[in-house]
Student: 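Got a structure for you, questions after.
One-based numbering, in listed order, for ligands and for the atoms of each. These numbers were taken from a predicted model, which means no experiment stands behind them.
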Amino acid sequence: MGADLEQVLLTQEQIHQRIGELAQRIESDYAGLDVVFVGVLKGALMVMADLTRAMHDTAEVDWMAVSSYGTGTKSSGVVRILKDLDKDISGRHVVIVEDIVDSGLTLSWLVANLSSRGPASVEVCTLMRKPEAMKVDLKLRYIGFDIPNQFVVGYGLDYSEKYRNLRVVGTLAPHVYA
Ligand code: IMP
């Protein structure tokens, strides 16, 4: 699988260390508060697993699955819920856990949707952010890495449902797309 990569952008060690730092910050920011971590399937799978396991306190996790209507590889911001949260979030502090924020359209929709359910707060933790995301008015409280505007796979991120189980994040070699 590694042979399909052109370049490794984030190593296992870099990801592990940064996730540990974010977990520590989140735990101290939310000390004593009722928090639920909301992940977006499927990309956030690995981030959620490692982020919550890096915490010392128990962490409650819930999941949503959404499909974004778009043209080609760009999302449009028009989103349909495929799987909603299992639990009510009213009065609770929500931390959305994301793999990557690209255009930010999907996340903007999600923040607005969850905010309308009466939570105590809604914040975002994303492992990666691409430059395009800076153009939308979206507050990202916890950011792992800023990465270049390239298509990346691994650590939960896929290309045609492949490569999610790579331990690193990298770009694909041209022969994969051929
Ligand atoms: P956005 O709405 O443009 O921010 O898109 C967000 C979603 O698109 C992410 O949660 C990913 O699932 C997917 N995505 C964005 N960039 C990449 C990438 O480089 N590789 C794989 N998936 C990506």
Student: Quick check on contacts: which atoms of ligand 1 are under 4.0 angstrom from a heavy atom of Asp158?
Tutor: 21 (C)
Student: Given Tyr163, Phe151, Tyr159, identify the one with the heavy atom nearest to atom 18 (C) of ligand 1.
Tutor: Phe151
Student: Can a non-hydrogen atom of Gly104 be found less than 4.0 Å from any atom of ligand 1?
Tutor: yes
Student: Out of Glu132, Arg164, Lys130, whose heavy atom is nearest to atom 17 (C) of ligand 1?
Tutor: Lys130
Student: Can you figure out which of Leu157, Leu138, Val101 has its heavy atom closest to atom 22 (N) of ligand 1?
Tutor: Leu157
Student: Is there side-chain contact between Tyr155 and Asp50, with heavy atoms separated by less than 4.5 Å?
Tutor: yes
Student: Please state which option from Ala44, Ser103, Ser108, Gly154 has its nearest heavy atom closest to atom 3 (O) of ligand 1.
Tutor: Ser103
Student: With under 30° as parallel and over 60° as perpendicular, where do the rings of Tyr159 and Phe151 fit, or are they tilted in between?
Tutor: perpendicular
Student: Would you indicate whether the side-chain heavy atoms of Val66 and Trp109 approach each other to under 4.5 Å?
Tutor: yes
Student: Using only heavy-atom distances, determine whether the side chains of Gln17 and Glu21 contain a donor-acceptor pair under 3.5 Å.
Tutor: yes
Student: Should the pair Arg117-Asp84 be classified as a salt bridge under the 4.0 Å nitrogen-to-oxygen rule?
Tutor: yes
Student: Please state whether Leu107 comes within less than 4.0 angstrom of ligand 1, counting heavy atoms only.
Tutor: no
Student: For the residue pair Val36 and Leu85, establish whether any side-chain heavy-atom pair is separated by less than 4.5 Å.
Tutor: no
Student: Under 4.0 Å from ligand 1, counting heavy atoms only, is it the side chain of Gln150, its backbone, both or neither?
Tutor: backbone
Student: So for Lys42, does at least one of its heavy atoms come nearer than 4.0 angstrom to any atom of ligand 1?
Tutor: no
Student: Is Val40 touching ligand 1 with its side chain, its backbone, both, or neither, if touching means heavy atoms under 4.0 Å apart?
Tutor: neither
Student: Heavy atoms only: which of Thr171, Ile100, Asn149 is nearest to atom 6 (C) of ligand 1?
Tutor: Ile100
Student: Does any part of the side chain of Thr11, heavy atoms only, come nearer than 4.5 Å to the side chain of His16, both counted from C-beta?
Tutor: no
Student: Would you mind reporting whether Leu166 and Leu157 have side-chain heavy atoms less than 4.5 Å apart?
Tutor: no
Student: Does Val152 approach ligand 1 within less than 4.0 angstrom via side chain, backbone, both or neither, non-hydrogen atoms only?
Tutor: both
